[in-house]
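Protein chains get the first letters and strands the later ones, always in sequence-line order, with residue 1 at the start of each. Please read these numbers as outputs of a predicted model, since none were measured by experiment.
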2 protein chains.
Amino acid sequence: MEAAVRVIAQHGVRGLRVEQLAAEAGVSTALIYYHFKDRGGVLRAALEHVNQRAQDYTDQALSTTEEPRAQLENLLLLELRDETEVAMNSIAWGELRASAVFDPDLRDPLTATTRAWNDDVETLLARAGATAPALAAEHLTALVEGLSERWHTGSITLDRARAVLTHAIARELGD
Amino acid sequence: MEAAVRVIAQHGVRGLRVEQLAAEAGVSTALIYYHFKDRGGVLRAALEHVNQRAQDYTDQALSTTEEPRAQLENLLLLELRDETEVAMNSIAWGELRASAVFDPDLRDPLTATTRAWNDDVETLLARAGATAPALAAEHLTALVEGLSERWHTGSITLDRARAVLTHAIARELGD
DNA sequence: GTCTATACAGAGATAGAC
DNA sequence: GTCTATCTCTGTATAGAC
């Protein structure tokens, strides 16, 4: 799965070749098919893996003793970071999201993860005193996805994306 | 190009087969290669076509005599509409955006269009009395992209996406 | 569980006629 | 400009041995 995330982050879902994945993982292609039904099965498993990793990050951010406002900023800015692992996860996640437009099998896990993320953000927003936490949560999480994609396509710098997000959070919290 | 947009909207950039495009356009595959260098050339031309269409919509929205605030809402909500043609354009645009992560040839036209859109939105925001129009413009346009993708993956309904966007606009204009 | 070898299909691209 | 026919390569997936 880690090899899959690497390959997807480098070449996209469309560019994922089973042979290359095998090479990246240091095994034969046949072994891939032993563990997964087909190429689509690899993608589904990869999506679940990325989701899981995102959830782990989230839980970590939520388990601190910081103020709600600081927790909220941390949680949302998690995706917009410079470290290789985060960036790869983010690219792979964006790819799988985009693929889900045409691959119904990917939709359910995607929707579930999105909902869980929204809920976490909504809780923090409510604690931080937002007036419309549900709307605000969908607003901010969708914004993170939009900014993330712009970052990956080079349409915006990472710093600028973080500034835009911080600005939007401030607007939601009324300052 | 219209056939290309249809095929991309239905099967994605990833699913665009030259043969299918030819069928959709009612010509032979050889003719595609006569007019375009290769499959990548088709994609680049399709992106330009979608960009142009988006620019036309934008100009139209800007040429009305409405209040800046109403113009702003119209312009941003343009992408989130139910009509087949708009939805197809929006899906194709999203696909091409996602593809640009791995296809450097698509990046320049993408960045140019994004910038033009940002500028238009920024102008309207300034007229409508926003306090930080540049930041707000990038905020709102990136949000539209995020919401648009969620809509296409079925993670949010169209009405809800529109509500979230309207909410975000209101926040930026301080009510 | 894991490999090597290979069958098979699909899709990009071109040749050459009209 | 446009077609039919076809070549070629790449990539998915399987067979069968260890």
Can you tell me which nucleotide in [options] comes closest to the side chain of [X]?
{"X": "B:Y33", "options": "C:dG12, C:dA15, C:dT2", "answer": "C:dG12"}
{"X": "B:T29", "options": "D:dT14, D:dG1, C:dA13", "answer": "C:dA13"}
{"X": "A:V27", "options": "C:dT14, D:dT14, C:dC3", "answer": "C:dC3"}
{"X": "A:L31", "options": "D:dT14, C:dT2, D:dT2", "answer": "C:dT2"}
{"X": "B:S28", "options": "C:dG12, C:dT2, D:dT4", "answer": "D:dT4"}

* Asked: B:T157 and B:R150: side-chain donor and acceptor closer than 3.5 Å?
  -> no

* Asked: Are a donor atom and an acceptor atom from the side chains of A:E2 and A:H49 found within less than 3.5 Å of each other?
  -> no

* Near DNA chain C, which residues from residues 36-46 of chain B have a heavy atom under 4.0 Å away? -> B:D38, B:R39

Do [Y] and [X] meet the salt-bridge criterion of a basic N to acidic O distance under 4.0 Å?
{"X": "A:E95", "Y": "A:R14", "answer": "no"}
{"X": "B:E83", "Y": "B:R81", "answer": "yes"}
{"X": "A:E73", "Y": "A:R69", "answer": "yes"}

* Remember a base hit wins even if backbone is also touched, and classify B:L16 as base, sugar-phosphate or nothing at under 4.0 Å, heavy atoms. => sugar-phosphate

* Assess whether side chain to side chain contact (heavy atoms under 4.5 Å, CB included) is satisfied between A:L43 and A:S99, documenting all intermediate values. => CA-CA 10 Å; A:L43 292 182; A:S99 305; over 6 Å; no

